Amino acid sequence: MASSPADPSLHTEAPQASVTKERRLNTDLQEQLPKPYLARAMAAVDPSHPKGTEGRDTRGMSVLQQHVAFFDRNGDGIVYPWETFQGMRAIGCGFFTSLVVSFLINLVISYPTQPGWLPSLLLSIHIKNIHKGKHGSDSETYDTEGRFDPSKFDAIFSKYGRTHPNALTKDELKSMLKGNRNMYDFLGWITAAGEWNLLYSVAKDKDGLLQRETVRGLFDGSLFERLQDSKKSS
């Protein structure tokens, strides 16, 4: 990290707020990535991938839509619980875990994404409205429209990657989940914990680390494709 700038208005740490020193920001990000403050609609970018996942067809979808589209197994723009189940199995989750998680995901997200006021008895998720299903107490890497915010993504690791600058240990992951909690947002706490712990269980490396590139791939869904290909080839 660079030293504090001479201009106090640019300081990222406040002497009377110790949490600002504990959870540091990358003050050099603007030199590492063009316009890091600009949320990208279709690309999950970072300094190592300034154009996102190259060679991947976004199909005009937002980054959040790309994340969900992996589970749209027939490509009709709607994700049903059995498709979520199939997608979970495809990335290496066990039968029981896939069954429970697929039901809970569709149960929670289905209604906000419906095109009208009536709920879906089949718990369908409409990808075009997936931004309406964004929950609180998260990293805020997705903005409220489903874009990818590079500065928020970078902050995951600058704030919590103490042992390794580009990876999270299990304990650091727990610290991040706790640090991201919004007051009284119990559903958000539970949802975020479930999502990140599931990610850790299927995508941690041999040293028990959740690598930065793994997390970036989670946001645009490219990780799911890699896990699926890896399972097929094994």
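The shown structure was predicted, so the numbers you read here are calculated from the model rather than taken from an experiment.
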Gln65 (side chain) donor-acceptor with Ile130 (main chain) under 3.5 angstrom: no
task: State yes or no: do Val108 and Val100 share one hydrophobic cluster built from I, L, V, M, F, W and Y residues joined by side-chain heavy-atom distances below 4.5 Å, directly or via other members?
output: no
task: Step by step, work out the side-chain contact (heavy atoms from CB on, under 4.5 Å) result for Leu187 and His135.
output: CA-CA 8 Å; Leu187 179 60; His135 61 80; 6.0 Å; no
- prompt: When the aromatic ring centroids of Phe148 and Tyr142 are compared, is their separation below 6.0 Å?
  reply: no
- prompt: Between Gln211 and His164, does any side-chain donor sit less than 3.5 Å from a side-chain acceptor?
  reply: no
message: If I take atom OG1 from residue Thr214 and atom CG from residue Asp205, how far apart are they, to the nearest 0.5 angstrom?
response: 7.5 Å
message: Main chain of Gly208, side chain of Tyr200: is a donor-acceptor contact present, judged purely on distance under 3.5 Å?
response: yes
message: Any non-hydrogen side-chain atom of His67 less than 4.5 Å from a side-chain atom of Phe219?
response: no
message: Using 0.5 Å steps for rounding, measure from the CG atom of Asp57 to the CD atom of Gln66.
response: 9.0 Å
query: Do you see a donor-acceptor pair shorter than 3.5 Å between the side chains of Ser62 and Glu145?
result: no
field: Gap separating the CG atom of Asp143 from the CZ atom of Arg40, nearest 0.5 angstrom
entry: 12.0 Å
- prompt: Going by atom types only, do Asp185 and Ser137 share a side-chain donor-acceptor pair under 3.5 Å?
  reply: yes
query: Considering only heavy atoms from C-beta outward, does the side chain of Phe103 approach that of Pro81 to under 4.5 Å?
result: no
Donor-acceptor contacts, no H, no angles, side chain residues 221-228, under 3.5 Å, sequence neighbours left out:
residue : atom : partner : partner atom : Å
Ser222  : OG   : Asp220  : OD1          : 2.7
Glu225  : OE1  : Arg56   : NE           : 3.2
Glu225  : OE2  : Arg56   : NE           : 3.4
Glu225  : OE2  : Arg56   : NH2          : 3.0
Gln228  : OE1  : Arg73   : NH2          : 2.8

Polar side chain donor-acceptor pair, Ser48 to Asp46, under 3.5 angstrom: no
- request: Please name the pair of heavy atoms, one in Phe157 and one in Asn166, separated by the smallest distance, quoted to 0.1 Å.
  value: CD2-C, 3.9 Å
Any side-chain donor near an acceptor of the partner, Asn106 and Thr84, under 3.5 Å: yes
message: Going by the rule side-chain contact (heavy atoms from CB on, under 4.5 Å), which residues pair with Ser201 if we only count those two or more places apart in sequence or in a different chain?
response: Leu198
query: Would you say Met42 and Met61 make side-chain contact, with heavy atoms under 4.5 Å?
result: no
- prompt: Taking atom CG of Leu10 as the centre, does the number of heavy atoms from other residues, nucleotides or ligands within less than 6.0 Å exceed 12?
  reply: yes
task: Measure across Arg212 and Pro47 and return the closest heavy-atom pair with its distance rounded to 0.1 Å.
output: NH2-CD, 3.7 Å
Value rounded to 0.5 Å, distance of CZ in Phe95 from CE in Met88: 13.0 Å
task: Please confirm whether Phe85 and Trp82 have ring centers closer than 6.0 angstrom.
output: no
field: Side-chain (Asp207) to main-chain (Leu209) donor-acceptor, under 3.5 angstrom
entry: no
task: Measure from the side-chain N and O atoms of Asp72 to the backbone N and O of Gly75, and report whether any donor-acceptor pair falls under 3.5 Å.
output: yes
- request: Answer with yes or no whether the hydrophobic clustering places Tyr80 together with Leu99; edges join I, L, V, M, F, W, Y residues whose side-chain heavy atoms lie under 4.5 Å apart.
  value: no
query: Linking I/L/V/M/F/W/Y whenever their side-chain heavy atoms sit closer than 4.5 Å, directly or via other members, would Ile78 and Leu123 fall into one cluster?
result: no
task: Look at atom NZ of Lys128 and say whether more than 12 heavy atoms of other residues, nucleotides or ligands are closer to it than 6.0 Å.
output: no
- prompt: In terms of hydrophobic clustering (I, L, V, M, F, W, Y; side-chain heavy atoms under 4.5 Å; direct or indirect links), are Tyr111 and Val68 co-clustered?
  reply: no
- request: Using the salt bridge (charged side-chain N to carboxylate O under 4.0 Å, His left out) rule, take Lys21 and Glu13 through it: C-alpha gap first, then chi angles, then the decisive distance, then the call.
  value: CA-CA 5 Å; Lys21 187 173 183 179; Glu13 298 176 11; 5.5 Å; no
task: Evaluate the side-chain contact (heavy atoms from CB on, under 4.5 Å) criterion for residues Ile125 and Ile105: first the C-alpha distance (whole Å), next the side-chain angles of each, then the deciding distance (0.1 Å), finally the verdict.
output: CA-CA 9 Å; Ile125 295 172; Ile105 286 176; 4.2 Å; yes
message: Pair Leu210, Trp196 - check side-chain contact (heavy atoms from CB on, under 4.5 Å), show working.
response: CA-CA 10 Å; Leu210 199 55; Trp196 282 94; 4.1 Å; yes
- prompt: Under a single-linkage definition using a 4.5 Å side-chain heavy-atom cutoff for Ile, Leu, Val, Met, Phe, Trp and Tyr, are Leu25 and Phe153 assigned to the same hydrophobic cluster?
  reply: no
Validation row: Thr163, Glu172 side chains within 4.5 angstrom (heavy atoms): yes
- prompt: Any side-chain heavy-atom pair from Ile156 and Met176 closer than 4.5 angstrom?
  reply: yes
- prompt: What's the spacing between Ser158 OG and Arg23 CZ if we round to 0.5 Å?
  reply: 11.5 Å
- prompt: Does some side-chain heavy atom of Leu173 sit less than 4.5 Å from a side-chain heavy atom of Asn197?
  reply: yes
statement: Between Arg89 and Ser98, the two heavy atoms sitting closest are CD-OG, 3.4 Å
query: Under a 4.5 Å cut-off applied to non-hydrogen side-chain atoms, are Leu29 and Glu31 in contact?
result: no
- prompt: What pair of heavy atoms forms the shortest contact from Pro150 to Leu33, and how long is it?
  reply: CB-CD2, 3.6 Å
task: Provide the closest heavy-atom pair for Ala90 versus Phe70 in the form atom of the first, atom of the second, distance.
output: CB-CZ, 4.2 Å
message: For a quick check under 3.5 Å, do Ser110 and Gln114 share a side-chain donor-acceptor pair by atom type?
response: yes
- request: Any chance you could measure Asp138, atom CG, to Glu195, atom CD, to the nearest 0.5 Å?
  value: 8.0 Å
message: Under a 3.5 Å cutoff, is there a donor and acceptor pairing between the side chains of His126 and Asn129?
response: no
- prompt: Passes side-chain contact (heavy atoms from CB on, under 4.5 Å), Glu54 versus His49? Steps please.
  reply: CA-CA 8 Å; Glu54 294 197 60; His49 303 83; over 6 Å; no
Asn26 and Gln32: side chain donor to acceptor below 3.5 Å: yes
query: Would you find a donor on one side and an acceptor on the other, under 3.5 Å apart, between the side chain of Ser151 and the backbone of Tyr37?
result: no
query: Can we say Lys159 and Asp154 salt-bridge, meaning some charged N sits less than 4.0 Å from an Asp/Glu carboxylate O?
result: no
message: A side-chain contact here means heavy atoms from C-beta on lying under 4.5 Å apart; do Glu83 and Asn74 qualify?
response: yes
query: Is the NZ atom of Lys170 crowded by more than 12 outside heavy atoms at less than 6.0 Å?
result: yes
